[in-house]
Amino acid sequence: MSIQLKNIKKSFVNNKAKNTVLNKISLDINDNELVAIMGRSGAGKSTLLNIIGCLDNSDEGEYLLDGKNINEMSNSELSTIRNEKFGFIMQDFALIEDETVKHNIMLPTYFSKNKKKYDCEKIAKTLGIKKLLDTKASLLSGGEKQRTAIARALINDPKYIIADEPTGALDSKNAELIMDTIIELNKLGKTIIIVTHDENVAKKCQRIIYISDGNLKAE
Amino acid sequence: MKGILICTADLIKKHFKHSIVLIIQIAVTVMIFVGFIGKVQYIRSTKDVANTFNKDNVIYYYPFTFLDSEFKTEDVIKQNNLNVKSVGEADYMMINCDDQLLPIVGYNDTLLEYANLEIASGKWFNDSVDKNVIPLISTTDQYKLNDHITIKDRAGESHDAVVIGTIDKDGYVLGFNRSASKSIISAEFFVSKPYSYFIAPYNSEIYSSLSEQYDMFVEMGMPKMTLGKIITYDSKEDAEAIEKEFDKYGSVADIKLMITNYKKDIKFNILINGIILAVFAILTATGIGGINGLQSRLDRRNYIVYYILGMNQKQCALTELLRSLFVVALGFITAVILYTFESVRNFLYSSEMIISPLNFILALVFLLLICCFVSMKYVIDLGKGSLIERYKNQD
Ligand SMILES: Nc1ncnc2c1ncn2[C@@H]1O[C@H](COP(=O)(O)OP(=O)(O)OP(=O)(O)O)[C@@H](O)[C@H]1O
Ligand SMILES: [Mg+2]
């Protein structure tokens with residue numbers, strides 16, 4: 001088992017009121033799974049994803065990633081894990097808008113400690129954005145931006161892909177294209193966790209997990 | 001580290017236009033700061049020289065330059081039966097040193113006694129000097145301590161001279177080349193850069209003959225250099241009589257009064273310069289602070305992305321620090337480049353400022369302090385708390 005969450009608890013304090021978003025959640029995700037996380041807005045989907053992606057800490061509970069205890073890791077170890085093990089795809093693309101597509105795709109390699117060979121051109125070609133490599137990110141369409149973000153998520157060849165509503169800002173045609181790409185990646189061996197509101201997107205996944213009132217319900 | 005540098009470069013590129021105003025502001029602050037330090041250093045070294053003159057019962061007298069050469073201080077004293085203790089005089093001469101004509105300033109005994117200047121090496125004139133050689137104080141780099149010089153007088157006869165002491169090349173000597181009144185006092189009266197090669201005692205037979213060579217120069221059309229004198233006295237009544245009489249032939253003022261005015265002048269000068277400096281420091285601090293604050297806010301999204309992709313928060317903070325330091329460095333370099341232009345130097349700085357690399361180093365330290373003070377907040381903010389949380393809060 002590659003991702004193991006045990007009794008994870010996370011709350012936020014808003015105007016002195018404590019809001020428990022995740023209440024002792026336990027979840028296991030296997031290698032090469034494609035998991036959809038669903039729930040109404042504010043249910044805690046992004047919060048869970050941020051904890052899995054080592055972007056945020058939990059308040060309580062245990063998180064083992066490939067057998068290693070994430071709770072015991074330093075900030076710099078966590079940043080290395082984010083850089084090497086995870087590829088992130090966000091609803092708002094999280095691109096550096098005033099840099100070129102190529103610069104955006106290459107960013108994770110600049111933070112990487114191992115000297116792997118990166119094939120930016122090949123990845124861009126597969127995603128159909130090779131011609132756009134020298135274009136400023138701000139000039140791209142939504143679909144192109146998300147494909148750039150996917151290329152960036154793949155550049156360090158991570159084991160896991162974390163996608164927080166990757167199709168949320170796209171029209172249905174582009175959404176389908178992106179979803180097909182994500183499924184393709186899963187077939188190539190990536191473990192993918194995807195947050196979505198879209199039933200059609202969720203149906204394409206092997207497993208769907210619902211969050212409500214701080215608890216998980218599997219289907 | 002590579003990632004940090006690339007991101008820093010990206011952010012600098014992104015804000016370059018915004019930064020130009022700040023860079024100019026920083027450059028101006030550096031220029032002003034350098035001048036201020038220059039002034040303070042000047043005052044520090046001139047105060048010592050002026051203090052050697054802080055004596056009781058001395059009058060400074062500077063003759064009108066148009067008085068004819070027949071005019072003699074002694075005659076005025078004799079004719080008016082003035083009660084004068086002694087007269088201190090300096091004379092400006094050209095002498096033949098090692099077959100080269102060089103300017104020399106001669107001090108008479110009274111002046112030698114009063115003007116005890118700070119010596120960089122060797123010693124000031126005193127009786128123990130060998131009477132057969134002419135003692136000289138060197139005021140340039142060209143002649144070093146214990147150098148022997150052959151002086152030729154007008155008759156062609158040679159005399160031995162030796163350098164018994166040196167004055168630091170950045171040092172100051174008593175000026176005697178400005179008139180002074182009771183109210184208008186300039187620091188330049190007391191001090192000036194050495195305008196001769198040597199200071200020598202003006203009591204030797206040899207000099208009087210050598211001095212004629214200078215008269216020869218005057219005949220050849222060179223401007224005559226008028227030097228001030230000091231007159232010492234015993235009682236207040238004598239002083240009043242002396243001042244009243246010499247007022248007809250030049251400007252007179254009591255040294256004590258001049259020193260007092262001079263010190264007030266110094267304080268005023270430092271105050272004015274300090275206020276200007278403080279205003280610019282505040283402008284620069286708010287400039288750096290404001291623009292950094294704005295940029296930090298604009299850059300927040302970039303930092304979130306960097307964080308997601310594998311930077312930790314300390315590295316984000318370091319990137320932010322490098323970005324602000326880069327702007328400061330550019331401002332500083334701009335100032336240094338501007339300084340290399342003579343017109344800029346002439347416009348901003350006077351001869352009453354000592355400017356050396358030290359001034360620039362202090363200016364840099366000053367800037368870094370301001371920068372640390374105002375941008376630390378943003379840097380520390382980036383380094384702690386959760387970037388992800390703040391990202392969400394801002395939406
Ligand atoms: N940094 C924070 N500070 C305070 N409250 C927060 C913070 N982050 C999230 N929350 C709260 O936690 C709850 C869950 O937020 P989360 O973003 O995980 O929801 P979500 O399921 O992703 O919703 P959506 O579908 O709208 O994206 C919300 O009520 C939100 O207001
Ligand atoms: Mg969300």
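Here is the naming used below: chain letters follow the sequence lines, and residue numbers restart at 1 for every chain.
- Exactly one of A:L55, A:I162, A:L107, A:N50 qualifies for a side chain to side chain contact (heavy atoms under 4.5 Å, CB included) with B:I308. That residue is A:L55.
- From A:D98, atom CG reaches atom CG of B:D10 across 8.0 Å, with rounding to the nearest 0.5 Å.
- With contacts defined as side-chain heavy-atom distances shorter than 4.5 Å, the pair A:Y110/B:I4 does not qualify.
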- Take B:K13 and A:E99 through the salt bridge (Lys or Arg N to Asp or Glu O under 4.0 Å) test and state the conclusion after the steps. CA-CA 10 Å; B:K13 217 169 60 191; A:E99 296 293 343; 3.5 Å; yes

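- A pairwise comparison of heavy atoms in A:L95 and B:R301 identifies N-NH2, 3.9 Å as the closest pair.
- Top candidate by heavy-atom pairs under 4.5 Å with chain B, chosen from A:E84, A:E97, A:H103, is A:H103.
- Atom OG of residue A:S79 and atom CD of residue B:Q313 lie 10.0 Å apart, to the nearest 0.5 angstrom.
- For chain B, no part of A:I81 is nearby; none of its heavy atoms comes within less than 4.5 Å.
- For A:K102, the NZ atom counts as loosely surrounded, since its 6.0 Å shell holds 12 or fewer non-hydrogen atoms of other residues, nucleotides or ligands.
- In this structure, A:F111 and B:L309 approach most closely via the heavy-atom pair CD1-O, 3.7 Å.
- Rounding to the nearest 0.5 Å places OG of A:S76 at 13.5 Å from CE of B:M311.
- Atom CG of A:N69 has more than 12 neighbouring heavy atoms from other residues, nucleotides or ligands inside a 6.0 Å radius.
- For the pair B:G310 and A:N83, the tightest heavy-atom approach, listed with the atom from each and the gap, is CA-CB, 3.8 Å.
- B:Y307 and A:R82 get closest at one heavy-atom pair: O-NE, 2.8 Å.
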